J.: 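Sharing a structure below in structure tokens format, with a few things to ask.
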Amino acid sequence: MKRAVVTGGAGFLGSHLCERLIAEGIGVACVDNLITGKRENIAHLEGRADFEFLLHDVSRPIEIPGPVDYVLHFASPASPIDYLELPIQTLKVGSLGTHNSLGLAKAKRARYLLASTSEVYGDPLVHPQPESYWGNVNPVGPRGVYDEAKRFAEAMTMAYHRVHGLETRIVRIFNTYGPRMRPRDGRVVPAFIQQALAGEPLTVFGDGGQTRSFCYVDDLIEGIYRLLLSAESQPVNIGNPHEMTILEFAERIRALIGSPSPIERRPLPEDDPKTRQPDITRARALLGWEPRVPLETGLARTIEYFRNLAATSRAGGQP
Ligand code: NAD
Ligand code: UDP
């Protein structure tokens with residue numbers, strides 16, 4: 001049986017990834033310090049012979065006994081609220097954590113996959129964003145801690161590939177949503193859903209004219225799994241090119257939930273990218289991949305998850 005190490009495996013994306021690897025017959029060692037993740041996300045996997053959980057900060061050296069075939073580095077605060085609250089941890093996990101996980105992959109002769117981000121493009125001046133675009137990032141702004149950590153992580157990954165001949169993959173993930181996001185992680189999808197369900201105002205930042213393109217988690221995981229098995233060492237965008245303004249998105253959520261919530265304007269956070277849309281030409285050509293889940297379907301599943309979570313929390317369970 002092949003074996004994968006997933007850093008950040010108790011987070012939103014990491015937990016879906018662990019599940020998928022296990023479904024493919026790959027054993028998983030999930031390494032997480034639970035700084036933004038939750039043990040509940042992987043509770044259904046614990047106790048299986050092909051799954052183990054290790055509570056560990058990957059910004060410190062990682063020791064995993066036994067053979068390892070894949071290392072997938074997903075550990076990092078990912079929501080703007082989280083990385084603004086945890087700027088130094090974010091820089092450390094993107095730099096030291098990437099170095100340590102690359103070192104683990106090298107020692108085990110494992111294939112390495114880095115979870116990078118559309119944030120490497122910053123506030124983009126090219127639209128949509130192809131992988132060949134080098135980006136427009138403010139290194140000293142509040143988002144710089146995340147963007148620059150990920151840019152460093154990409155550079156370090158390519159250096160291990162070039163110098164040590166390590167098999168590496170880099171996925172640039174665009175806004176992804178789905179079950180297991182934290183209701184209050186501040187990202188727009190859980191924020192609007194939770195506000196609409198509670199009948200609270202939907203907090204639109206700025207004039208709401210900024211755009212994003214939302215990918216359902218199952219589509220993303222499929223793209224990442226295909227990339228892992230591919231021979232492509234250059235970065236590949238994975239995301240949904242269906243772009244909309246944040247104001248349009250707020251209207252969609254209100255309509256889907258049938259909520260009377262008003263829209264409330266809040267100041268636009270500093271350096272908030274004005275547009276974002278993946279160019280997925282490379283993913284289509286190299287991986288035969290494109291998203292399949294329509295926004296309405298993905299949102300319906302996500303709303304259902306948040307409804308159940310609210311009901312559990314009202315009944316006195318873990319929120
Ligand atoms: P998340 O916060 O739910 O998951 C991150 C996980 O990493 C958490 O379980 C957290 O506890 C863990 N972690 C953080 N620092 C750690 C450390 N030092 N040691 C061990 N574990 C640590 O976020 P997510 O949305 O699942 O994001 C996962 C990865 O995907 C991140 O690397 C993020 O940058 C990347 N990404 C996500 C998106 C998205 O839309 N969700 C977009 C672009 C990139
Ligand atoms: N946003 C918003 N209201 C919120 C949360 C976010 O209007 O309560 C906006 C935010 O300013 C950004 C977009 O929604 O333009 C997406 O934000 P998110 O935090 O989900 O991720 P980002 O794409 O900025 O990393």
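When a residue number appears, it is its place in the shown sequence, counting from 1. We count ligands from 1, going down the list as the structure has it; atoms in each ligand are counted the same way. This structure is a prediction, so every number in the text was calculated from the model and none was measured.
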J.: Return yes or no for this condition: an N or O of Y146 is under 3.5 Å from an N or O of ligand 1.
T.: yes
J.: Is any N or O atom of R276, backbone or side chain, closer than 3.5 Å to an N or O atom of ligand 2?
T.: yes
J.: Does any N/O atom on V188 come nearer than 3.5 Å to any N/O atom on ligand 2?
T.: yes
J.: Starting from atom 40 (O) of ligand 1, find the nearest protein heavy-atom neighbour and note its residue, name and distance.
T.: T176 N, 2.9 Å
J.: Between G37 and ligand 1, does any nitrogen or oxygen pair lie at a separation below 3.5 Å?
T.: yes
J.: Regarding ligand 1, does T36 bring an N or O atom to under 3.5 Å of one of the ligand's N or O atoms?
T.: yes
J.: Report yes if some N/O of S116 lies less than 3.5 Å from some N/O of ligand 1; otherwise report no.
T.: no
J.: Give yes if a backbone or side-chain nitrogen or oxygen of D32 is under 3.5 Å from a nitrogen or oxygen of ligand 1, and no if not.
T.: yes
J.: Identify the protein heavy atom lying closest to atom 5 (C) of ligand 1, giving its residue, its atom name and the separation to 0.1 Å.
T.: S76 O, 3.3 Å
J.: What about L13: any of its N or O atoms under 3.5 Å from an N or O on ligand 1?
T.: yes
J.: Considering heavy atoms of the protein only, find what lies nearest to atom 28 (C) of ligand 1 and give residue, atom and distance to 0.1 Å.
T.: F74 O, 3.5 Å
J.: Do R266 and F205 meet the cation-pi criteria used here (NZ or CZ under 6.0 Å from the six-membered ring centre, within 45° of the axis)?
T.: no
J.: When you measure from atom 25 (O) of ligand 2 to each heavy atom in R266, R143, Q210, R187, which option holds the nearest one?
T.: R143
J.: Among all the protein's non-hydrogen atoms, which is closest to atom 15 (N) of ligand 1, and how far away is it?
T.: I35 CG2, 3.6 Å
J.: Under 3.5 Å between some N or O of ligand 1 and some N or O of D82?
T.: no
J.: If you take the nearest heavy atom of each of F205, Y146, F249, which one is closest to atom 6 (C) of ligand 2?
T.: F205
